[in-house]
Every structure is written in structure tokens, then in C-alpha cells.
Amino acid sequence: MSAATQPCEKPVLRDNVLRERGQREVFCGLTGIVWMHRKIQDAFFLVVGSRTCAHLLQSAAGVMIFAEPRFATAILDERDLAGLADAQEELDRNVARLLERRPDIRLLFLVGSCPSEVIKLDLGKAAQRLDRRFNGTRVLHYSGSGIETTFTQGEDAPLAALVPEMPATDAHQLLVVGALAEVVEDQFRRLFAAMGVGNLAFLPPRRAAELPAVGPNTRMLLAQPFLNDTGRALEARGARHVPALFPLGAEGTTQWLRAGAEAMGVSPSRIREATAIPEARARAAVAATAERLQGRSIFFFPDSQLEVPLARFVTRECGMRAIEVGTPYLHRAHLARELPLLPEEATLSEGQDVERQLDRCRDAKPDLTVCGLGLANPLEAEGMATKWSIELVFSPIQGYEQAADLAGLFARPLARRERLRV
Ligand code: SF4
């Protein structure tokens, strides 16, 4: 999304951004199903893909033994790929079988993959046809393919697909956008209630029928920095972006809550009253956990798009020294409040040329490297401590009560390495 589409405040630009357009090491958007299927409890994600896609999902999400699964892969075989079978007809048969067996499914996402895009299988048309046929189950589609994606687009794409489904409203409301763990969402509900913010909604909802409304008096507070298409779709429905830090760490959480509450007309004293004690508690908890991080250096490879707010947290609250902060895509408007808080000496890079970045990382010898799974094992073998960036997306890390856990996620690989050295 270009910054020009954002009507919010003028973004603060850093002119020293290193832009790279080379080979990238990232997961595809199918990975988003791993956390999204837990979030919307009556939704089902049907990937239309290959055995490779099925394996990726299975190994990333594991097998659901006790519950009915809420994702699956309709496998395109050689006959489909060679155009010898009618893939649309087979898809209809698969969906009919699924919905017959699982009448509890209220929302079905058909998820495109590299193979379905290569054979130009029109899932938009399929979703429309199946939606008409299966009254009572909404059928939508989005692409999770690895062609030009970062894995967190696997959240952005289904949320953007939900936006046209949202009812219209003129009510003045605060809409929190981005999947949060239920425990985190409940904490934020309590904090906003304590500040007197009554008209509060969350996207995604926990159930398909609870889809929030949107309109010109909706103030959109992003809980995740990677929701480019969703933000644009909500703005097209009239919502206005509330510029804020992301709710990571004590500082980020207070600034995020404050921005949302101010947009709803809450007074500064009431905001302070509700946030002062939990913020102080979070700061103390982070300080205790972050002792091991003080003065240590960190290098972020671009992977999740969470890198900028995470770097702000580890440098400002944990005393770490950021060498490079790489992000797959720098959304200047959504990150307008974050960018000025990054340390000047850190290299900010956008995109990737993996070999060159590996060279920079090896030269810098950081104490901790945050990267994707594909890079972590080789770097560990070279003696470097690493943190899987995907773990930071799967874990509940937002809010006051999770701030120390977030610091702990960075401290753990350093502790492990020290133990190995003894
Ligand atoms: S969508 Fe593409 S990148 Fe993702 S698992 Fe399937 S084939 Fe691989």
C-alpha cells in the first residue's frame, strides 16, 4: 500500500533506509491459518493447493487430535494441474462434502496457493457460486500464495476479505484491528472500559456472526503493523486511522491505549488513572527480565513486519543495541509513530538480498539474531544465538501483562547459549 492512500498524519521519514530487492527467505501466507483458525471459532480455511501446501500447514499447525480440524487442503493433483480435470467441479464436490459433515461452519475461506494461481483457478468465482449454493455459510476467498508475500499477509488477506461483509454504521466507535490472543483482547477490553470507552469493537471477531460494523465515525486502531490491505479497505468504508505506537512493551501499550482513548474523547487524566498502575507494574517486570539483555546487540532479518516495533521495545525498554532492523515492507504511515523512536545508529532496511544481509550479520556478530526458521539453524550452527521471528507472531506479546514475557522471549536464547558454554 502506498503511503499516499493514508489520510492520517504526515509520516516521519528516515532518509537512511537501505532498500534491497534480491532473494528473500520468507514463509508464505498459508502460515497465517495457524493462528487465524483459532481466532474465528466457527470459520474454516480450505486451502486449494498442492501436497507441499498441505505439508506446510500440517507441520506448522500440528494435528488437531481432540477437536474437529478447522483447516484442510483440497489437493490439486496432476490431472488438475495439467488441465485434464475440471478443478472447479472438484472443488464444489469437496466443499459440499465438507459442509454436509460440518454444519457448524459459518464462514468458509477458500485459500489460494501458488499452484491454484499458476493454473489460474478463479477462487473468486468459486466463492460466489458456493456462497449462493450453501445458504447459511458465508464463502469468501483470499490468496495465501508464496508469490510476493510475507507470512503475516496471511492475516491481512482474510481480514481484508471480511471488510466488505461488515455492516455499515454511523456510530462513533473504536475498532481495534488485528488478531490478538483472547487473553490480551480481554485485558484491552477491561482497560478501555476503565477509561469509559463504551463503543469498542474488534476485527476479527471470535465468531462469524459477530462481525463489527464500520462507517465514517469509526476510528481504526491497528493492533498489528502488517495490515496494509485491511487498513486500506476499512478506510474505503469511511474508517479513520488512529496513529499510535503498537501495543508492545509498557511504553507501546500506554501510547496505544492513549491514542485509542483520545480518539474517543477521553480526558488525559482518566487515561492516566487507568494506565498508571499497570504501566508501572509492566515496567518493573520488564526491568527484572531484561537484565540479561542490557547492552547486548541485536540484528533483525526481515520476516514478520513486526520488526520495527519490536526493535523500539528492545532498545528503549530492555537496553539492547540494534545493529540492523530489517523489515519486508516499511509502511510509513502505519509506522509513523514508531520510526522516530528507533535509534539513529541502527540500519533500517526494507526488502531483502539474503546473501548480502547474511554477510552484514556475520560481520556485525550480534549477540542475538531474529530471523525466519530457514536462516536460524544455519546461523546457530555458526555459533550465533537466534530467535525465530514466527514465535513472536504466535505468542501473546501485546499489552502490559505480556511485556515481561516478550522480554523473556529475547532473553531465552541468550540464556540457552550461556548454559551451553558452561
Ligand atoms: S502456497 Fe506456495 S509457497 Fe506456500 S506451501 Fe504452497 S506452494 Fe509452497
Side-chain angles (χ1 to χ4, degrees), residues 21-39 43-64 69-85 87-88 90-91 94-95 98 108-127 139-161 179 226 228-230 301-306 327-329 351-354 371-378 388-391 393-394:
R21 296 285 178 267
Q23 193 192 329
R24 301 168 303 139
E25 289 280 336
V26 287
F27 273 130
C28 69
L30 296 189
T31 322
I33 295 170
V34 176
W35 66 93
M36 291 301 288
H37 85 272
R38 295 203 186 103
K39 188 65 204 177
F44 194 97
F45 295 80
L46 183 64
V47 175
V48 184
S50 63
R51 285 183 205 286
T52 310
C53 308
H55 286 148
L56 173 100
L57 258 188
Q58 211 64 77
S59 49
V63 184
M64 298 172 84
R70 279 193 265 113
F71 56 85
T73 309
I75 295 189
L76 294 165
D77 61 22
E78 289 72 17
R79 283 170 47 79
D80 300 305
L81 296 173
L84 297 173
Q88 293 278 6
E90 292 201 18
L91 181 59
N94 274 306
V95 169
L98 172 69
L108 174 65
F109 285 108
L110 303 178
V111 188
S113 64
C114 305
S116 75
E117 289 185 4
V118 166
I119 63 165
K120 304 221 176 322
L121 184 59
D122 189 342
L123 290 186
K125 217 154 88 189
V139 185
L140 302 174
H141 80 287
Y142 70 89
S143 169
S145 93
I147 303 169
E148 297 300 322
T149 63
T150 58
F151 73 92
T152 45
Q153 282 176 276
E155 174 172 331
D156 190 24
L159 292 191
F226 42 73
N228 306 350
D229 291 348
T230 308
F301 277 80
D303 200 35
S304 66
Q305 293 193 56
L306 276 169
T327 182
Y329 180 68
Q352 191 169 44
D353 186 329
V354 70
C371 58
L373 285 163
L375 294 178
N377 283 351
W388 296 348
S389 45
I390 202 163
E391 201 184 333
V393 179
F394 288 173

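Computed from a predicted structure; not experimentally measured. Whatever order the structure lists them in is the order used to number ligands and atoms, beginning at 1.
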State, with a plain yes or no, whether a side-chain heavy atom of Asn228 is found less than 4.5 Å away from one of Gln305.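 Asn228 reaches Gln305 side chain to side chain.
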
Would you mind telling me which of Val118, Leu121, Leu91 makes a side chain to side chain contact (heavy atoms under 4.5 Å, CB included) with Leu76? Leu121

Tell me, please, which residues at least two apart from Leu98 pass side-chain contact (heavy atoms from CB on, under 4.5 Å). Phe44, Arg102, Ile105, Leu108

Can you sort out the partners of Ala160 under side-chain contact (heavy atoms from CB on, under 4.5 Å), two or more places apart, ordered by chain and number?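 For Ala160, the residues satisfying side-chain contact (heavy atoms from CB on, under 4.5 Å) (neighbours in sequence not counted) are Asp229, Thr230.
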
In the shown structure, where waters are left out, how many protein N, O or S atoms lie under 2.8 Å from atom 2 (Fe) of ligand 1? 1

Relative to the ring of Phe45, is the ring of Tyr142 parallel (under 30°), tilted (30 to 60°) or perpendicular (over 60°)? perpendicular

Partner set under salt bridge (charged side-chain N to carboxylate O under 4.0 Å, His left out) for Glu117, not counting sequence neighbours: none

